[in-house]
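Report on the following structure.
Just so it is clear: chains get the letters A, B, ... in the order the sequence lines come, proteins before strands, and each one is counted from 1. Note that this is a predicted model, so its numbers are computed, not measured.
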2 protein chains.
Amino acid sequence: MTELLSTTYTRADEAFDCLQTAIVKGELAPGEKIGELELCSRFNLTRGPLREALGRLESRGLLVRRPHAGVKVVSVSASELMELYRIREVMEGLAARQAAERMTDQEIADLRATLDTHERMIDEAQGQAYYQAEGDYDFHHRIATGSRNTKLAQMLLGDLYYMVRMYRYRLSTSTGRPQRALGEHRRIVEAIAQRDGELAEFLMKRHINAARQNIEKKIQEGEISI
Amino acid sequence: MTELLSTTYTRADEAFDCLQTAIVKGELAPGEKIGELELCSRFNLTRGPLREALGRLESRGLLVRRPHAGVKVVSVSASELMELYRIREVMEGLAARQAAERMTDQEIADLRATLDTHERMIDEAQGQAYYQAEGDYDFHHRIATGSRNTKLAQMLLGDLYYMVRMYRYRLSTSTGRPQRALGEHRRIVEAIAQRDGELAEFLMKRHINAARQNIEKKIQEGEISI
DNA sequence: TTAGTCAATATTGTTGACAATATGACCACT
DNA sequence: AGTGGTCATATTGTCAACAATATTGACTAA
C-alpha cells in the first residue's frame, strides 16, 4: 500500500502495512501497551524492520512511543476527532477546487461511474456500513489525487484518511445518511465537471461540515461513544 | 527538537534531528545519491538508528528511498513549492481562526511581544534575511500551536514548515518585504486579540497568498531559480 | 561500433546478540 | 499503615556480522 510502484517490497514496508491496517481496524486497541516482541511474533517479523515501521507510524501520529517504555496506539478524544474534520474541511475544499481545475475528462467520467456503483450498492445492500465507508473513501481518494497537488494528496491519503477510517471502524457505524451524502457527492462532481473550482470548494466544505455535525450530534445524543 | 518533553533522547532522535536540519540547511544536496555509511561517518551514528531516522524522514516526504538503491533528498520543482503555499493558505487560515477562539490572553501578549522584537530586528539589522526568516517562522509557529488543534499543529510544524524552510535556505533570500509582512502580521494579531476568528482567517489567507505571489513573481522574473 | 548479457562489487536489508533503562515489587523507615 | 528507596527483571535501544539485491563494468556478439 505504501509504494506499489517499487519493484521490491521490503519487510519494513510489510510491517508498516500490517501495523497500519491493524491499527485502523482496531485490532490493536488504543491506549494498550504493546511490546515489540509480541508484535514480532504476531506478524512474523523481526525487530529491525518492525522498529523502522514503528518510527514511521509514530511520525504519522498513529502511535506514540516513549523510550524504554514501549509503544501504544494513539487514543483520540471526541473533540480531537472533530478537529480532524475541521482540517479535512479546508484541505479537501482546496483539493476539490484544484481537482476542478486539473482533472482530466476521463477522470471525471470515472468519478461519475464510481458514484453510480456507489448508488447501486446503497440500493442493493441497503447500504451496509462497510461498503458505504469504502465508497465514500474512494470518492474522496479520487479527488485528492485529482488535485494534482502532490503534497496535498500525500497529507490527505497518508495522514488524515487513516485516522478517519480508524474511527469509522471503531464506531462500526457509517454516517447513516448515505442517500444524502451521495447527493452531495453528485453535486460536487457536477461542479468539477463544469470546471467551477470555487463552487466545488464550497460544496466540499459544506459536505464535510455536515458530516462533522452529524457525528457531533450522535456523540452528544450518546448514540456512539469514544 | 522532536520530543523535548521526553526524559531520554535516543540516538534515533538525534539522527533524525541532525539529518532534518542538514536537509533543511541544504548541506545535503537534493537529488544527490547518498550512502548510509557515509551518513554514519558524517554524523557519528550507527546504521540502526540512522535507518530508523531515514524511515521517519521518508514518511515526512523529505527524502525518497528505493530499496537497495539508496536514499536521496527530495528535489522539488517551483510549481510544487507554489502548491505548498496553497496548502499553507487554507491550513494556516484555519489555524488563525481557531487561535482567535482559543489563545489565552497571555499567549496573545507574547505574540505581540514577538512582533515587537521582530520589528527591532528589522530596524537594527536592516532586516538580515536569516533573522527575518526566523521571526516569521516564530510567528506562524505560535499561531499553529495556539490553535489548540493537535493534528493541525503537528502537520504544520512537522511537515509543511520544514519544507518551506528548506526552500528559504536554498533560495538564501527572504521575501524581501519585511515591513509589509510585519504589518500584515500585526493586523492578524489584532484580529486574534479581538477574537474575530473569521477576520483572522481571512487576513492570514491573504498574507500567505501575497507571499506566494511574491515568490512566484521573483521566479518568473528569473531573480531566483530552483 | 553498439547493444546486450553476465558477473563482480559495493551497498542495502535483515538478523541475532549485547548494553542501557524504565517498570514493578519488596523492604526498611517514618 | 503509608511512604520512600533500592534492587531484580523485563523490555527497549544499540551494535556488528550476515544475506540479498541493484549497480557498474567488462566482454561478447551482431
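Between the side chain of B:Thr21 and the main chain of B:Asp17, a donor-acceptor pair closer than 3.5 Å is present. In terms of modelled atom types and a separation under 3.5 Å, the side chain of B:Arg195 and the main chain of B:Ala100 share a donor-acceptor contact.
Under the 4.5 Å side-chain criterion, counting only non-hydrogen atoms from C-beta, B:Gln213 is not in contact with B:Tyr85. Inter-residue side-chain proximity for A:Leu152 and B:Arg86 is flagged as unmet; no heavy-atom pair is nearer than 4.5 Å. Side-chain contact between B:Leu157 and B:His141 is present, with heavy atoms from C-beta onward closer than 4.5 Å.
Relative ring orientation between A:His185 and A:His207 is described as perpendicular, the plane-to-plane angle rising above 60° on a 0-90° scale split at 30° and 60°.
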Is there any protein nitrogen or oxygen under 3.5 Å from a nitrogen or oxygen in nucleotides 4-9 of chain C, and what are the pairs?
none

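Between B:Thr46 and B:Arg11, the side chains place no donor N or O within less than 3.5 Å of an acceptor N or O (distance only, hydrogens not considered).
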* Structure fact -> Protein-proximity profile, nucleotides 9-15 of chain D, B/S/- by nucleotide at the 4.0 Å heavy-atom cutoff, equals ---BBBS
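Residue-environment remark: NZ (A:Lys151) exceeds the threshold of 12 foreign heavy atoms within 6.0 Å.
In this structure, A:Leu50 atom CG and C:dG16 atom P are separated by 14 Å, rounded to whole Å.
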